[in-house]
Amino acid sequence: MNELDDDINGVMVAYKKAVFAKNVDAFMTLYDPQVCVFDMWGQWSYDGADAWRAMVTGWFASLEQSNVVVNFEQVCIIATADVAVAHAMVIYTGVSALGEELCAMHNRLTWTLKPTGNGWRIVHEHTSAPVD
């Protein structure tokens, strides 16, 4: 693993923390203002941070008293100084306030990221579910 891989892994760690805390602002700092997201829930795509923020705000609010633990598996990162692509299997596990597992969902996730003066930002995200 090299320094660029560490930077992208840092984005993944921040993503996990923001989702668990249901912190929309922290979550959105990971995304470029012009982000394009191809999602599998609600709409097929979200253009720009405002549209993505609205979806994320609704998602976090729908969790009510539960939280989501995010785990990245089979992570592959290809990074240069100008652009990075990361893909992984992601397990989203809903847990109760007492830490009991409520449900889990497996997704495939691909990110394209670019460096900014404030770290790497996601400029494109594509999620899908395994066919089986």
What I'd like to find out is whether the side chain of Asp25 reaches to under 4.5 Å of the side chain of Arg53, using heavy atoms alone.
yes

Without hydrogens or angle criteria, can the side chains of Tyr31 and Glu125 be said to hold a donor-acceptor pair below 3.5 Å?
yes

Show the nearest heavy-atom pair for residues Thr93 and Ile91, with the distance to one decimal.
OG1-CG2, 3.6 Å

Could you work out the complete set of other residues in the hydrophobic cluster of Val95, with links drawn between I, L, V, M, F, W and Y side chains under 4.5 Å apart?
Phe20, Val69

With sequence neighbours left out, the residues meeting side-chain contact (heavy atoms from CB on, under 4.5 Å) with Val68 are Val19, Leu63, Val70, Tyr92

Rounded to the nearest 0.5 Å, how far apart are CD1 of Ile122 and OH of Tyr15?
7.5 Å

Any chance you could lay out the side-chain contact (heavy atoms from CB on, under 4.5 Å) test for Thr116 and Trp120, step after step, and finish with the verdict?
CA-CA 6 Å; Thr116 69; Trp120 289 82; over 6 Å; no

Shortest non-hydrogen contact from Ala86 toward Met12
CB-CE, 4.0 Å

At what distance, to the nearest 0.5 angstrom, does OG of Ser45 lie from NE2 of His126?
10.5 Å

Please answer whether the main-chain N or O of Cys36 pairs with a side-chain N or O of His124 as donor and acceptor at a distance below 3.5 Å.
yes

In this structure, would Trp52 and Val24 fall into the same cluster of hydrophobic residues linked by side-chain contacts under 4.5 Å?
yes

Considering all heavy atoms, the nearest Phe72-Ala88 contact:
CD2-CB, 4.1 Å

Is it true that Asn107 and Thr127 share a donor-acceptor pair across their side chains at a distance under 3.5 Å?
no

Test Arg108 against His87 for side-chain contact (heavy atoms from CB on, under 4.5 Å), laying out the working first.
CA-CA 7 Å; Arg108 293 180 294 224; His87 61 83; over 6 Å; no

Phe27 and Phe60 aromatic centres sub-6.0 Å:
yes

Measure the shortest side-chain to side-chain distance between Lys16 and Asn71 over non-hydrogen atoms and say whether it is less than 4.5 angstrom.
yes

Distance from Gln43 atom CD to Met55 atom CE, nearest 0.5 Å?
9.5 Å

Specify the closest pair of heavy atoms between Lys22 and Glu64, including all atoms of both residues, with the distance to one decimal.
NZ-O, 2.7 Å

Spatial distance of atom CH2 (Trp111) from atom CD1 (Ile77) [nearest 0.5 Å]:
9.0 Å

Heavy-atom closest contact (Ala14 atom, Leu30 atom, distance):
CB-CD2, 3.7 Å

Note, Val123 side chain near Gln34 side chain (heavy atom, < 4.5 Å)
no

Pair Asp82 + Lys114, salt bridge at N-O below 4.0 Å:
no

Just verifying a value: how many Å separate Ile8 CD1 and Ile78 CD1, rounded to the nearest 0.5 Å?
11.5 Å

Any chance you could measure Asn67, atom CG, to Leu102, atom CG, to the nearest 0.5 Å?
9.5 Å

Does some side-chain heavy atom of His106 sit less than 4.5 Å from a side-chain heavy atom of Val90?
no

